[in-house]
Number of protein chains: 2
Amino acid sequence: MTVKAQFDHTNCDGCPIRHRAVCAHCDTDELEELEGIKYYRSFEAGQTIIWSGDQMSFVGSVVSGIASLTQTMEDGRTQMVGLLLPSDFVGRPGRETAPYDVQATTDVVMCCFRKKPFEDLMNSTPHIAHRLLQMTLDELDAAREWMLVLGRKTAREKIASLLSIIARRDASVSQKVQSGPIVFDLPLTREAMADYLGLTLETVSRQISALKRDSVISLEGKRHVTIPDMARLMDEAGDDSDGGFLI
Amino acid sequence: MTVKAQFDHTNCDGCPIRHRAVCAHCDTDELEELEGIKYYRSFEAGQTIIWSGDQMSFVGSVVSGIASLTQTMEDGRTQMVGLLLPSDFVGRPGRETAPYDVQATTDVVMCCFRKKPFEDLMNSTPHIAHRLLQMTLDELDAAREWMLVLGRKTAREKIASLLSIIARRDASVSQKVQSGPIVFDLPLTREAMADYLGLTLETVSRQISALKRDSVISLEGKRHVTIPDMARLMDEAGDDSDGGFLI
DNA sequence: ATTTCCACTTGATCTCTGTCAAAGTCGCTA
DNA sequence: TAGCGACTTTGACAGAGATCAAGTGGAAAT
């Protein structure tokens, strides 16, 4: 509700993700068409936005908050396969049912488009199709980056990798200076981190404690993280010092 | 050489991947334009097709054989992040340098397009851009499917998952009957399997021996695999019996 | 103020997979 | 035919991370 109030405009002018979302390259005419088929929806932290296997009636963009894509096996093992940040796109044009659960990790606002009209619009609007291709290629890179983390990194390196991704994202959003300590709040519970990293929550907790003990990070409370030396963290993550992470 | 001989035609009519590759939806005019910028290249098993970090002068499609995308950490740990089968696309329009090593796992023939002209053509040809989007979305699904394998499955389940993917692909290519035993040759060494699965080659070997001992598979030589009961294998892989694997 | 709850931390133990080492198999070359 | 080399299997052992089990701390509720 409080969240919704921040974004209850009905046009795209003041949209905080206007320049990064699937509509980034649209001209005024195209935006107007999009406005005709769009609507906003809010979700509370913990809510499931889309269930795996559901009919998908809409596609859309995350406007604010963080959502996650997860897969679950019959016996309950779950793996997060994507982290959706503001401007990221949800849904696949040309597919009927959702392949993954989409969950709101924090409170989330989405800009939704009715699926059928969006597909039509995409076919007639190269700007949208082209931008969606770019974004999908970026996501594919991120997924492959993550395969290395899941397949080959140690628990400590996995935690360091996740922290450096979150830190980097925060830095890129707030345009902060490269040097000096980086400070942010973890948007994920220990359990969500474990599901992302292919670990148990106990191991996540232990490794965070270890990184704290070794002064790679410091914590106030459970979630507020300070990184005194980003290069040190990236070293712990096993990446070459200004490596290829793109998120 | 013998491989090259199979595909030394210069037009697309007899192309074995014509209907599945990036050019699948092209009409005659568009194909003619593509023919103008294309050329074939052959690679021997083990050869590196593209080095990570290299300038990419071309993009293209795998015509025959199998190639792999791999990432390597400084200390030598490597993770395969994609398996490129005939019709799969290599390269990213709009990017200068290659993010991964591309290696020929078997002898490979590629249909290459000079990068710049291809990019231009893509901007003027919705058929190509649209097909590339479809293919990229499929690859993203495959990558995410694989994240579950890497993050949450046991060694035995990983092996079973890989075997069932290869079996499925073979079945889809040769249009074989669903029931009855499935037979194929493993296109990967134990080491390549290990790199794909985030395991060591010793563990791969042990788990294959275990699956053989338990009659889930049988082997002639090291590479020739028979799967008497596909449902059983999928069960070992931890997938729901006709699960979501798409490759 | 006290209780309750939830996310988190920490400890003890177990087990799966990695590591190190040796030996086996197969195809190819001399 | 022997011998070499690449690939694979198998064994013994060690260790990282999982599992099982308490226990802590802070915020909301009573």
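Since we're looking at a predicted model, the values are computed, not measured. All chains are named by letter (A, B, ...) in the order of the sequence lines, taking the proteins before the strands, and each is independently numbered beginning at 1.
Within the nucleic acid shown, B/G198 comes within 4.0 Å of sugar-phosphate atoms alone, with no base atom in reach, counting heavy atoms only. Across all strands shown, B/T189 has heavy atoms under 4.0 Å from sugar-phosphate atoms exclusively, and none from any base.
Rounding to whole angstrom units, CG of residue B/L201 and P of D/dG11 are separated by 16 Å. At whole-Å resolution of the value, CZ in B/R156 and P in C/dG18 are 16 Å apart. Rounding to whole angstrom units, CD1 of residue A/I208 and P of C/dA7 are separated by 15 Å. Atom-to-atom, CG of B/L186 to P of D/dC7 comes out at 15 Å; the value is rounded to the nearest Å. For the pair B/E202 CD and D/dG11 C1', the computed distance is 11 Å after rounding to whole Å. Regarding B/I159, its CD1 atom lies at a distance of 10 Å from the P atom of D/dT9, rounded to whole Å. Note: CD (B/Q207) to P (C/dT15) measures 16 Å, nearest angstrom. Here D/dA18 presents its C1' atom at 19 Å from NZ of B/K153, a figure rounded to the nearest Å.
Ranked by how close their nearest DNA chain C nucleotide is to the 5' end, A/R206 and A/R152 are led by A/R206.
In the set C/dG18, D/dA18, C/dT10, the nucleotide with an atom closest to the side chain of A/T200 is D/dA18. Considering only the side chain of A/T203, D/dG17 comes nearest among D/dG17, D/dT10, C/dT17.
When the side-chain nitrogen and oxygen atoms of B/R223 are compared with OP1 and OP2 of D/dT8, one or more of them lie within a distance under 4.0 Å. OP1 or OP2 of D/dT10 lies within a sub-4.0 Å distance of a side-chain N or O belonging to B/S209. Listed pair B/R190 / D/dT9 meets the phosphate criterion, a side-chain N or O lying under 4.0 Å from OP1 or OP2.
Judged purely by atom type and a 3.5 angstrom limit, A/Q207 has no side-chain atom pairing as donor or acceptor with the backbone of A/V204. A/R152 places a side-chain N or O within 3.5 Å of a backbone atom of B/T78 that can act as its donor or acceptor partner. For B/D101 (side chain) and B/Q103 (main-chain N/O), no donor-acceptor pair under 3.5 Å exists by modelled atom type.
If you run salt bridge (Lys or Arg N to Asp or Glu O under 4.0 Å) between B/E236 and each of B/K153, B/R156, B/K158, only B/R156 comes through.
Contact record, B/S68 with B/L83: CB-CD1, 4.4 Å, taken as the closest heavy-atom pair.
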